[in-house]
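Chain letters run A, B, ... following the sequence lines, proteins first and then strands; every chain starts at 1.
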Protein chains: 2
Amino acid sequence: MAVSSKSAVAIHALTMLARWDDKSLTSAEIADSLRSNPVLVRRILGSLRVAGLVVSTEGRNGGWSLARPAGGITLHDAYAALEEGPLLASHPHPPSAECEVGRNMERLLEVEFRDAERAMAERLGRTTIADLVRQVLASERDLAQRAH
Amino acid sequence: MAVSSKSAVAIHALTMLARWDDKSLTSAEIADSLRSNPVLVRRILGSLRVAGLVVSTEGRNGGWSLARPAGGITLHDAYAALEEGPLLASHPHPPSAECEVGRNMERLLEVEFRDAERAMAERLGRTTIADLVRQVLASERDLAQRAH
DNA sequence: GATAACTGCAACCGTTGTGGTTACATTTTG
DNA sequence: CAAAATGTAACCACAACGGTTGCAGTTATC
């Protein structure tokens, strides 16, 4: 378990905002669904706001809503808004330049790791929040049908 | 920076073992190149041994060597030997089943995250330790040539 | 204008993982 | 036996995470 659950929480929240995009949701409502804490939710949504994915309004009847259509927000957008820096960490400190391998390793690894990250980012970028809402609605439809 | 630098250290060590595979290397020699500590190196190489990537011999003149040809060891092998569990963490605890989104999110996210991880793993699996040794040797050759 | 319902934010807390280190038992070679 | 190596356990400082309390600021409603 390397990457924190912040991205999962963010995607969950974004999906809720997209599912009920006729109104705005409060951090308390989202926290209820997550079985978590309003402050935690506001922290994460705050990062999403900085990234331009959501907007918030203060005061009574305030809350959160999407800043743009759910079809234009990918899972990678959420990930990138929360996780900074490279996914795969290189050496904790520069290796020895006296060693034939040491003086080349950092540079070579950087290329490999960057490509690996890009592969993951590309995959996350293929799914949008709108896709998830569609899947949620489809699941609920199936569930209702099976109840007969 | 989400994934620890253990994988980077492991790949560095494996590349050294492959570069000088006529002899065995000690944890102290590898630690020198990493500017790190022999105990740390033994810890990480210990995991690689469990994964069947390297072998060690105790006692005087002991040390470490590859358990199989460097062309058959990929960067993903090293990564998998050290990092356990999913890369992308899902919810810290199960969301509310009362929420239409909550009761579907975990299952949907698991698919997305697993696919993203697989994309990264696939990329890491394309490069072998032998590839890195070749690149190190090529760099050194260029460097020597440029010295004229 | 007071009150209620929100966001925004700072300050903590306990837990976990990381990188690093010391110390020591064990194994093997010279 | 002595030297050189692995194998481990124990510990430390640090950072991040998930969570929580408390409170200031903002806004709609009565």
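- Between the side chain of A/Thr26 and the backbone N or O of A/Glu29 there is at least one donor-acceptor pair closer than 3.5 Å.
- In this structure, B/His91 atom NE2 and D/dG19 atom P are separated by 11 Å, rounded to whole Å.
- Comparing A/Glu58 and A/Lys6 along DNA chain D, the residue whose closest nucleotide (by nearest heavy atom) sits nearer the 5' end is A/Lys6.
- Minimum atom distance to the side chain of A/Val39 is reached by C/dA10, of the listed C/dT21, C/dA10, C/dG20.
- Counting atom types as modelled, A/Arg43 pairs a side-chain N or O with a base atom of D/dG19 as donor and acceptor under 3.5 Å.
- Although no hydrogens or angles enter the test, the distance criterion places no donor-acceptor pair under 3.5 Å between the side chain of A/Asn104 and the main chain of A/Val101.
- In this model, the phosphate group of C/dC6 is not approached by any side-chain N or O of A/Thr26 to a distance below 4.0 Å at OP1 or OP2.
- Inspection of the B/Glu112 and A/Thr127 side chains reveals an N or O donor paired with an N or O acceptor under 3.5 Å.
- Computed from coordinates, the B/Asn37 CG to D/dT8 C1' distance equals 14 Å when rounded to whole Å.
- In this structure, A/Ile44 places its CD1 atom 11 Å from C1' of D/dG19, rounding to the nearest Å.
- A close approach under 4.0 Å does occur between a side-chain nitrogen or oxygen of B/Arg42 and OP1 or OP2 of D/dT6.
- At C/dT7, none of the side-chain N or O atoms of A/Ser56 fall inside 4.0 Å of OP1 or OP2 (strictly under the cut-off).
- Of all nucleotides listed (D/dG18, D/dT8, C/dT3), D/dG18 comes nearest to the side chain of A/Ser5.
- The side chain of B/Arg60 approaches D/dA2 more closely than any other nucleotide in the set D/dA2, D/dG19, D/dC17.
- Here the closest non-hydrogen pair linking A/Arg49 and A/Ser56 is NH1-OG, 2.8 Å.
- Atom CD in A/Glu84 sits about 14 Å away from atom C1' in D/dC17, given to the nearest Å.
- An OP1 or OP2 oxygen of D/dG19 is reached within less than 4.0 angstrom by a side-chain nitrogen or oxygen of A/Ser36.
- Heavy-atom minimum distance, B/His76 versus B/Gly125: CB-N, 3.8 Å.
- Between the A/Arg134 side chain and the A/Ala138 main chain, no donor and acceptor come within less than 3.5 Å of each other.
- Protein atom CG of A/Leu25 is 13 Å distant from nucleotide atom C1' of C/dC6, rounded to whole Å.
- Among the atoms of the strands shown, only primed sugar atoms or phosphate atoms (P, OP1, OP2) are found under 4.0 Å from some heavy atom of B/Gly63.
- Comparing B/Arg49 and B/His93 against DNA chain D, the residue whose closest nucleotide sits nearer the 5' end is B/Arg49.
- An OP1 or OP2 oxygen of D/dA16 is reached within less than 4.0 angstrom by no side-chain nitrogen or oxygen of A/Ser4.
- The CD1 atom of B/Ile30 sits 17 Å away from the C1' atom of C/dG20 (whole-angstrom rounding).
- Taking atom CG on A/Leu40 and atom C1' on D/dA16, their separation rounds to 13 Å, with Å as the unit.
- Going from atom CG of A/Leu82 over to atom C1' of D/dC17 covers 13 Å, rounded to whole Å.
- Dashed line: the shortest gap from a side-chain N or O of A/Asn61 to OP1 or OP2 of C/dC6 is not under 4.0 Å.
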